[in-house]
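Here is the structure we will look at.
Residue numbers begin at 1 in each chain, while the letters A, B, ... track the order of the sequences. Just so it is clear, the values below take in all heavy atoms, side chains as well, and ignore hydrogens, waters and symmetry mates.
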Amino acid sequence: MILFSRFRPAMDAPSIDALLSELTPPQRDAVQHIDGPMLILAGPGSGKTRVVTHRIAYLLAQDIADWQIAALTFTNKAADEMRLRLDKLAPGQKVWMGTFHRFCAQLLRRYATMVGLQENYSIYDTSDSKQAMKRAIEAAGVSTTHATPDQIANVISKAKNQLVTAEVMQSQARSPKEVVAAKVYPVYQRQLLTANAVDFDDLLLHVANLLRHSSELRSELDQRFRYIMVDEYQDTNLAQYAIVRALSIDCPNLSVTGDPDQSIYGWRGADLNNILDFEKDYPSVKTVRLEQNYRSTPNVLRVADQLIRHNRRRKQKNLFTDNNEGDPVILRLFENGFEEADSIADEIVSAISTDVARPSDFAIFCRMNSLTRSLEHALRGRGVPYQIINGVEFYQRKEIKDVLAYLHLINNPAHDVALARVINTPTRGIGAKTLERLQSFADANRIPVLEAARRADEIESLAKRSVTMVQKFVAIYDRIAAKATAPLEELMRFLVQETKYDQFLKKNSSDSDDASPLANVDELITAAVDFDHRHPDDGSLEAFLEQVALVSDTDAFEENDERVTLMTLHASKGLEFPRVFIVGVEDDLLPHKRSKEDDAQFEEERRLLFVGITRAKEWLQLSCCKRRMIRGEPRPVVASPFLNELPLEEMVRVESSVPRNWLDDDIDQRRPDEWDLPEIQINDHATNTDSFGDDSFDFGANQDEGFDSIDEQTKESAATFGSAIDMAKRVTPDKETIANIGVLKTAADMVSDNRPPLTAFREGTLVRHYDYGEGTILAVSGRGPKRMARVQFADGEHNFRLAFAKLEVVR
DNA sequence: CAGGTAACCTTTTTT
DNA sequence: AGGTTACCTG
């Protein structure tokens, strides 16, 4: 587990001349800018980090004190990278570098009391705040029929990112969801305050409010951080905007770098206007454009450029490079996701074994974390070392969350979410009912739940037995809390024993599982010890918990490891790899189905692909499938409309492992139903749905042919191959735009359209269920998507929601 | 109240 | 496919 920055060797700083001599004229221009606002529009691979680090070194060389400079990034990894590189230019400097959230977390430690918190406040992670949200919804007494807890949480999160307070929201709420959220918001916020906790959004919100309401503090901090640099400015939201703005009034030496074409966090409140309007916000701004690309081949760059030109809302850029032409970009079509994974893994194996490349040269990007599964399997099966930068990570594991929850509760006895987690873990006879009663007592008295537990004997609704159990828990808690200031390792080992958590784990995990939870706990302890050593001066427990709360998945990335890297497109931003695969470039996946509601989201998806493409230095393959497992079911899928926007004529287009050419010259003579293409399903979905069984058979048959023959075949004929996209054009010859393709129904839609109309299900209808067999409908009720049917099967009655149930009409 | 099993629902991306 | 909840039994 990689939590912390790497060891840094000390070196002599280069002279100013040496510093500047390494730069191109536009880069030098930016580096030598000292006072006043600056906007650096930096295309991908244009040496942005180089400019930022050199500029900081330059500022330091002008005798500007290191503590007056702060560099804000979005990920810890970006900050680490920057620090590492700056240290080579300016050894031993103490410039503040880190994420926005960490910056705010540290300010908030100091000024906690000004927003009603104590300095040992806790940071709720996403799942913590989700738990807290559920409790707030219950306490607020609102009905969740029109908005799920998740949706409510989203609305509130969005509001916070827009600096909308609970009071303001109450007056502004319009849609039913907003009305519900507006009722929950103040309750949630009050519970957070009682718990002495903040969520991620609050870190920014509280600081923004501090700066807004205390002009004294604002000007003090403005003076303190005279030079502020913000990386990835296109991803800032309003709260972040307000914070840097407030810190750049008396000392407007704000320098931001970014690329509107790489803005991919709109869904979490990032506002593209922040960068697009920067020149309006700071009229005296100096703008520098870095357009030369030092990373990619012209082949890669042209593909990226062609794609991004389709976005309407952007600043035109001219990307260019002096690099060698390199290999053409490959577009590859596979039968299904397994084949895609196998092919990629084979290709990597072959490149490694022939010494063409090393594992760390490769990266595989996908839109969703779940897509890494089959890739992981394929790589593992071939013994290829890999690292996954994804969500199923260490800190999400139950045993880790449990131990951390104990630590949280020790650090902050008001941490209600942690208490709810551990009060009955391991089980000690305190059930859901008991907890609920403790919580409502706590709510009624506006005290933390642990405090309520201490006063359990005052709670009338509690059974005597329960009171005893709760008191026992409090006693255990007090015993471990007494060790709060002990070294982390001692504290953690003690708590695991004292709570009998180790025994609990042993008992529950004895069944076969290879990944041992106890080993994970040990790993956590190791990480804590590691932290202790690196941060001897910080108050260890609190600092450790903050560190853990603010690490992200992408921070685990280790570029020095000899491994293939698997990650989402989002996580890939800021990185580069010699050889890149982008998988699942399919409609409804990239662009994602839920991003199609408006143009802004659609363009963001295009930028996402742009980001992925521009990570590649010398070699790039995009791939899509005809079928893919979605939620455990194989479903037909269609190529992404974005593929249509690429310079296909200069790319190599390959279909893998289908023995015959699926795009021969005589293509037009074939009848549409012979075309073996996803698009065919538009014309003839019935054939396609019927052929699922056959497909899996085909898959097996293809494997028998071996990969060599596939490779030969594909390489040979690659140049003459067309693509699924060309086919799409032929199907709709007059219109080749995305918009049009977007309007076409996807094959997947066609399949679900195959479902019988809801009116086909009536009382007495004979139906078949894939599990229960045949049955008769006893009664139907409700309307629309909520329409229910009660069905009598041989083994009993079952209720179904007709819109979703896997029911066929027999008669 | 705990622990197991079965139904059910969910799926984008992350600090 | 995987995680979570609901319900049943001990």
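- For A:H101, taking side-chain heavy atoms from C-beta onward, the closest of the listed nucleotides C:dG2, B:dT15, B:dC1 is B:dT15.
- Side-chain N/O atoms of A:T427 include none lying less than 4.0 angstrom from OP1 or OP2 on B:dC1.
- For A:K130, the NZ atom counts as loosely surrounded, since its 6.0 Å shell holds 12 or fewer non-hydrogen atoms of other residues, nucleotides or ligands.
- Rounded to the nearest Å, the gap between the C1' atom of B:dT11 and that of C:dA6 is 22 Å.
- For A:T75, taking side-chain heavy atoms from C-beta onward, the closest of the listed nucleotides B:dT13, B:dC1, B:dT15 is B:dT15.
- Rounded to an integer number of Å, the gap from A:K134 NZ to C:dT4 P is 9 Å.
- Protein atom NZ of A:K158 is 14 Å distant from nucleotide atom C1' of B:dT14, rounded to whole Å.
- A:M368 has its CE atom 7 Å from the P atom of B:dT13, to the nearest Å.
- In this structure, A:D199 reaches neither bases nor backbone, as no heavy-atom distance under 4.0 Å exists between it and the strands shown.
- In this entry the distance linking NZ of A:K160 with C1' of B:dT15 reads 14 Å, nearest Å.
- Contact check, A:N369 against B:dT14: a side-chain N or O comes under 4.0 Å of OP1 or OP2.
- Residues A:V198 and A:L192 form no side-chain contact, since every pair of their non-hydrogen atoms from C-beta on lies 4.5 Å or further apart.
- Atom C1' of nucleotide B:dT14 and atom CZ of A:F200 are separated by 8 Å, given to the nearest angstrom.
- Both A:L204 and A:K130 lie near DNA chain B, and the one whose nearest nucleotide falls closer to the 5' end is A:K130.
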Enumerate, atom names and distances included, each donor-acceptor pair closer than 3.5 Å involving a side-chain atom of residues 151-158 of chain A, sequence neighbours excluded.
from	atom 1	to	atom 2	distance (Å)
A:Q151	OE1	A:T148	N	2.9
A:Q151	OE1	A:T148	OG1	3.4
A:S157	OG	A:D201	OD2	2.8

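- Per the geometry, CD1 belonging to A:I264 stands 11 Å off P belonging to B:dT15, to the nearest Å.
- Sorted by first then second residue, the side-chain hydrogen bond (donor to acceptor under 3.5 Å, both in side chains) pairs that include residues 424-435 of chain A, not counting sequence neighbours, are A:Y406-A:R428.
- If you check every strand for non-hydrogen atoms under 4.0 Å, A:I630 touches nothing.
- Rounded to whole Å, the distance from CZ on A:R594 to C1' on B:dT11 is 8 Å.
- Comparing atom distances between the A:D150 side chain and each of B:dT15, B:dT11, B:dC1 picks out B:dT11 as nearest.
- Distances were taken from every side-chain heavy atom of A:W267 (C-beta onward) to each of B:dC1, B:dT15, B:dT14; the shortest belongs to B:dT14.
- Between A:F100 and A:Q601, it is A:Q601 whose nearest contact on DNA chain B lies nearer the 5' terminus.
- The separation of C:dT4 from B:dT13, taken at their P atoms, amounts to 15 Å, rounded to a whole angstrom.
- Backbone-only engagement by A:F74 is indicated by non-hydrogen atom pairs under 4.0 Å involving sugar-phosphate atoms exclusively.
- Salt-bridge check for A:E603 with A:R314: failed, with every basic side-chain N at 4.0 Å or more from each acidic carboxylate O.
- Heavy atoms of A:S370 sit nowhere under 4.0 angstrom from any nucleic acid atom.
- A close approach under 4.0 Å does not occur between any side-chain nitrogen or oxygen of A:S595 and OP1 or OP2 of B:dT13.
- A:T434 comes within 4.0 angstrom of sugar-phosphate atoms only, judged by non-hydrogen atoms across all strands, and of no base.
- At the phosphate of B:dA2, OP1 or OP2 sits under 4.0 Å from a side-chain N or O atom of A:N424.
- The side-chain heavy atoms of A:L210 and A:L108, taken from C-beta on, include a pair separated by under 4.5 Å.
- Whole-Å rounding puts the A:L569 CG to B:dT13 P distance at 11 Å.
- Between B:dA2, B:dC1, B:dT15, one nucleotide has an atom nearer to the side chain of A:K433 than all others, and that is B:dC1.
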